[in-house]
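Structure first, commentary second.
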Amino acid sequence: MPRIVKTVCSHDCPDACSVLVTVEDDDENPGGARAVQFRGDPGHPVTRGFLCGKVNTYEQTVYSSERVLHPLRRCGPKGEGRFERVSWKEAVSVIAERINIASRESGGESLLQYTYAGTMGLVNRNCPNALFNRLGATQLRQNICYYGADEGYRVTVGSGYGVDPEDTVHSDLIIVWGSNVVTTQVHLMPFLDEARKKGARMIVIDPYRNRTARVADQWLGIRPGTDAALALALMHILERDGLLNRDFIERRTTGFKRLSREVLPRFEPARAAKLTGLSEDDIESLARELAGASAPLIKVGIGIGRSTRGGGAVRAICSLAGFTGSYEALGGGVQFDTGCEFQLELDSINRPDWLEGEPRSLNMTDIGPALCDWQDPPIRFLYVHGTNPAATAPLQARVHAGLAREDLFTVVHERFLTDTARYADIVLPAPTFAEYADLYKAYGHLYLQYAEPAIAPLGESRCNLEVVQALAKELGYDDPWFNLDTREHARALLSGSHPNLEGLDPESILAGETTRLNIPRKTCGFGKRFETPSGKLEFYSSELEAQGLAPLVDYTEPAEEDLERYPLRLITPPAHSFLNSSFGNLEKARRREGGGPFLLIHPDDAGEVVDGDLVEISNRQGSVRLSARVTTDTNKGTLVAEGTWWPSHGLEGRGINLLTSNRLTDLGGGSTFHDNRVELKKI
Ligand code: SF4
């Protein structure tokens with residue numbers, strides 16, 4: 001008899017969809033069960049019964065013939081992908097032996113766990129941290145995704161969810177700034193559509209006409225990295241024309257006088273037009289629309305943060321919303337990331353108390369140089385899970401060179417033989433989210449959910465917790481923590497005393513109830529107080545000043561070398577059918593993305609190039625070949641390469657991250673994937 005099991009999509013996505021899996025008896029495997037359908041759970045207040053196109057046929061991922069189903073040991077050169085099957089016992093024994101050798105000979109810092117949000121399950125994503133803390137391994141700063149944007153937000157308005165996504169229906173002007181909501185947060189769209197039905201206009205500010213811009217009322221094609229200049233020009237106009245909310249500014253902000261005196265005079269619309277590539281008219285009319293709305297919403301995307309001035313850009317946008325005072329209007333203000341509200345007891349799973357001293361740390365973006373250059377000690381043991389750095393990390397040539405080192409022992413715990421796994425000494429089989437239990441938070445809404453497995457793990461795949469437990473046993477660790485099961489860890493995570501958890505019933509959450517944090521509906525995230533040191537929105541930040549950084553919101557043009565040689569800007573936003581590098585192995589997903597990597601080129605930059613031509617883009621780091629799409633969907637001067645295609649699916653085995661650098665953002669030490677200079681030529 002078919003039965004329905006409720007679970008959660010674990011992919012790195014704000015929505016954390018509640019999923020209903022239809023499970024049937026498996027005819028080929030007596031006593032076993034098979035997942036035959038994945039669909040959205042209509043009972044979830046935000047994800048409301050539909051899944052994105054990546055997951056609504058997830059049974060094809062679960063039962064893909066490409067799944068790694070048994071532990072494997074390398075039996076060919078690194079990178080070639082030749083492996084032989086071994087038992088779990090043997091794999092665990094070899095891994096523990098290599099950990100012991102590296103630790104004994106070079107110290108704990110010669111060990112590195114390299115991971116990101118391959119699973120968003122709080123137990124499985126985090127439990128390896130405890131083991132690597134106990135081992136004294138090099139610490140990983142997971143700065144690769146949103147840190148630039150997050151830091152700009154935090155120092156300006158503090159940690160907080162801003163606008164509840166469910167309250168965005170009350171907005172009367174929607175500005176989607178640097179975000180492709182249709183692709184990356186699709187469950188926000190029905191709420192925005194509801195606001196639009198009531199009359200809100202939707203404007204998308206983005207360097208290219210992405211899927212969201214195509215369904216918006218207006219697209220403003222801004223030059224990449226100049227968002228702060230636009231926000232400051234809008235503030236300039238609001239002040240010039242007496243359209244700002246003086247009452248709000250006086251009550252709830254700091255530093256306005258200095259901003260007004262020292263910064264805004266430099267951002268007259270004519271200059272901003274030159275910097276941003278927008279017309280003066282568009283800038284003036286956007287300012288008027290903002291001033292005329294009673295609850296303007298700015299949906300800020302993570303992508304804005306991924307450029308050299310990315311932190312400052314988000315800081316300026318948060319400041320702009322202070323000029324209109326929209327933070328006090330239901331549905332108005334800035335919507336960024338709700339993840340900070342899930343104040344769970346994370347120390348219980350991460351075990352920072354097991355760290356002795358302060359081991360060195362690695363910013364994720366530096367994995368290539370770390371593997372190639374670090375000494376005292378060099379990285380000798382690398383454990384990768386939940387990420388695919390051979391495709392996703394910048395300085396790709398160096399990442400591959402580092403992974404190819406013969407004196408590096410690499411373990412990859414994965415569902416598929418990724419380009420990183422092809423370099424591994426041992427590959428361990430990982431389950432899909434249908435096959436393990438976990439507790440999930442979101443970063444696009446305010447609901448927690450626990451899920452039990454819908455089906456048994458395929459083949460011999462094991463979740464992170466089981467691998468950590470097996471390794472701990474082999475290494476001789478007998479702390480009772482290593483014997484806790486997923487429910488016990490989840491219960492510990494829920495045991496925190498933060499007000500957002502007050503009144504929540506852990507047992508009903510563990511029974512699978514979709515449960516909202518203790519944050520009342522229809523309240524503004526920053527309605528009463530900003531979570532900054534002053535309790536106000538900080539145009540001027542003493543915290544930044546103390547760090548030796550510019551304390552006032554501002555924009556300065558980055559000094560760019562070699563503009564003549566590399567005149568074009570390259571951005572690398574997400575593809576609709578991939579999620580980072582996930583799904584990139586599925587032929588169906590690649591077909592939906594056009595069959596191979598492509599480049600959007602404005603007609604004015606195309607020269608002789610026509611649609612379908614093979615082109616090469618290059619900079620000092622290397623060159624990548626893609627198929628050309630000549631279109632006015634991007635700006636003159638901006639090239640767009642959508643999606644993190646696996647290098648093995650690119651031409652000549654090269655991925656787009658050959659061209660991206662490990663330069664960091666102005667704030668937060670984040671990645672700068674959208675800030676690259678290249679030249680273009682026809683092949
Ligand atoms: S990837 Fe995101 S939108 Fe798609 S099913 Fe998973 S959580 Fe939902």
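In each ligand, atom 1 is the first atom listed, and ligand 1 is the first ligand listed.
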Ionic contact status for Asp217 with Arg196, cut-off 4.0 Å: yes
N, O or S from Cys13 under 2.8 Å to atom 8 (Fe) of ligand 1: no
Where ligand 1 meets [X] - atom numbers and elements under 4.0 angstrom, heavy-atom basis:
X	result
Ala16	7 (S)
Leu579	1 (S)
His187	3 (S), 8 (Fe)

Contact with ligand 1 for Gln185, non-hydrogen, under 4.0 angstrom: no
Nearest-option assignment for atom 7 (S) of ligand 1, heavy atoms, candidates Gly444, Gly53, Cys17, Ala442: Cys17
Nearest neighbour in protein (non-hydrogen) for atom 6 (Fe) of ligand 1: Cys9 SG, 2.3 Å
Qualifying residue for side chain to side chain contact (heavy atoms under 4.5 Å, CB included) with Tyr450, from Leu493, Leu439, Thr515: Leu439
Beyond-backbone contact of Asn518 with Leu504, side-chain heavy atoms, under 4.5 angstrom: yes
Sub-6.0 Å ring centroid separation between Tyr58 and Phe433: yes
Any N, O or S atom of Cys52 closer than 2.8 Å to atom 4 (Fe) of ligand 1: yes
